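Right, one structure below, let's go through it.
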Amino acid sequence: PDTPVQFSFSGTCACEANIFEYNLDGDVDREVVLQIRNQFTERYRFLIFNDSRDLSPKLIGKIDLSNKYRPSDPVVLVSNDQAWLILQSQAATGSGLAAWFDTVYEVSDVGVREVASYLSEVRQAGDLGFPSKTFAGRLVSCEVRNGQAKLKVSYTVQYFGSDTPLFTK
């Protein structure tokens, strides 16, 4: 039998919930992604359910992550005839620095599996006359062959002097 998911919160939880729906596993039914965000801790829990119309929804996986400064909304990339769930997490933060990485997940009837991660954005504030810089990665394609993940990521680098763009490559 399926075990119900239990939550334990100490004190008050200022949580926000959102629902996203997409066919993530290639069958005829869509999956439902329930996003629960704790606004104070900036932590997220994603619960992924199958949404079969003739059966009760079944929990097929959960993902916990942390993300500061921006929402971690699910993104779906369709590549090589498969849908991939992408979630963003905080990689680093500090004075003048912020970095995020994206994790690619494969969803199937048997569960949710982490496929690969890549650095998706880094922002570094300039100081003492040095320019600010940002580089951003965008997943172009994803495939898994013989258990090995192959991702193609396109990166853009931008340099700024104050708020003026200096160049992009």
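This is a predicted model, so every value here is computed, not measured.
- Contact record, Asn67 with Gln90: OD1-N, 3.3 Å, taken as the closest heavy-atom pair.
- Side-chain contact check for Pro74 versus Gln35: some heavy-atom pair is nearer than 4.5 Å.
- Annotation: side-chain contact (heavy atoms from CB on, under 4.5 Å) contacts of Thr168 (sequence neighbours excluded): Thr156, Gln158.
- For Arg123, the side-chain hydrogen bond (donor to acceptor under 3.5 Å, both in side chains) test picks out Glu121, with sequence neighbours left out.
- Shown here are the side-chain hydrogen bond (donor to acceptor under 3.5 Å, both in side chains) partners of Glu143, two or more places apart in sequence or in another chain: Arg145.
- Residues satisfying the salt bridge (Lys or Arg N to Asp or Glu O under 4.0 Å) test with Asp81, not counting sequence neighbours, are none.
- Summarising the geometry, atom CD1 belonging to Ile86 is positioned 7.5 Å from atom SG belonging to Cys142; distances are rounded to the nearest 0.5 Å.
- The two atoms that bring Gly26 and Asn23 nearest to each other are N-OD1, 3.1 Å, heavy atoms only.
- Leu166 and Pro131 make their closest contact through CD1-CB, 3.9 Å (heavy atoms, listed as atom of the first residue, atom of the second, distance).
- Of the inter-residue distances, the one linking Arg43 atom CZ with Ser72 atom OG reads 11.0 Å to the nearest 0.5 angstrom.
- Annotation for Ser120 and Gln88: closest pair OG-NE2, 3.3 Å, computed over non-hydrogen atoms.
- In this view, Ser117 and Thr103 satisfy the side-chain hydrogen bond (donor to acceptor under 3.5 Å, both in side chains) rule, not counting sequence neighbours.
- Other residues sharing a hydrophobic cluster with Leu65 under the 4.5 Å side-chain heavy-atom criterion for ILVMFWY residues are Phe20, Tyr22, Leu24, Val33, Tyr44, Phe46, Ile48, Ile60, Ile63, Val76, Val78, Leu85, Leu87, Tyr105, Val107, Val112.
- Residues forming a side-chain hydrogen bond (donor to acceptor under 3.5 Å, both in side chains) with Ser141 (at least two apart in sequence, or on another chain): none.
- Among residue pairs with one or both ends in residues 88-109, those qualifying as salt bridge (charged side-chain N to carboxylate O under 4.0 Å, His left out) are Glu106-Arg113; sequence neighbours excluded.
- For Arg138, the salt bridge (Lys or Arg N to Asp or Glu O under 4.0 Å) test picks out no residue, with sequence neighbours left out.
- Between Ser79 and Trp84 the shortest heavy-atom distance is O-NE1, 3.4 Å.
- When side chains are defined from C-beta on, Leu59 counts as touching Leu47, because their heavy atoms get closer than 4.5 Å.
- Scanning both residues, Tyr118 and Gly137, for their nearest heavy atoms gives CE1-O, 4.3 Å.
- Partners of Tyr155 by ring-ring contact (aromatic ring centres under 6.0 Å, His included), not counting sequence neighbours, listed by chain and number: Phe135.
- Side-chain atoms of Ser66 and Glu42 include no donor-acceptor pair closer than 3.5 Å.
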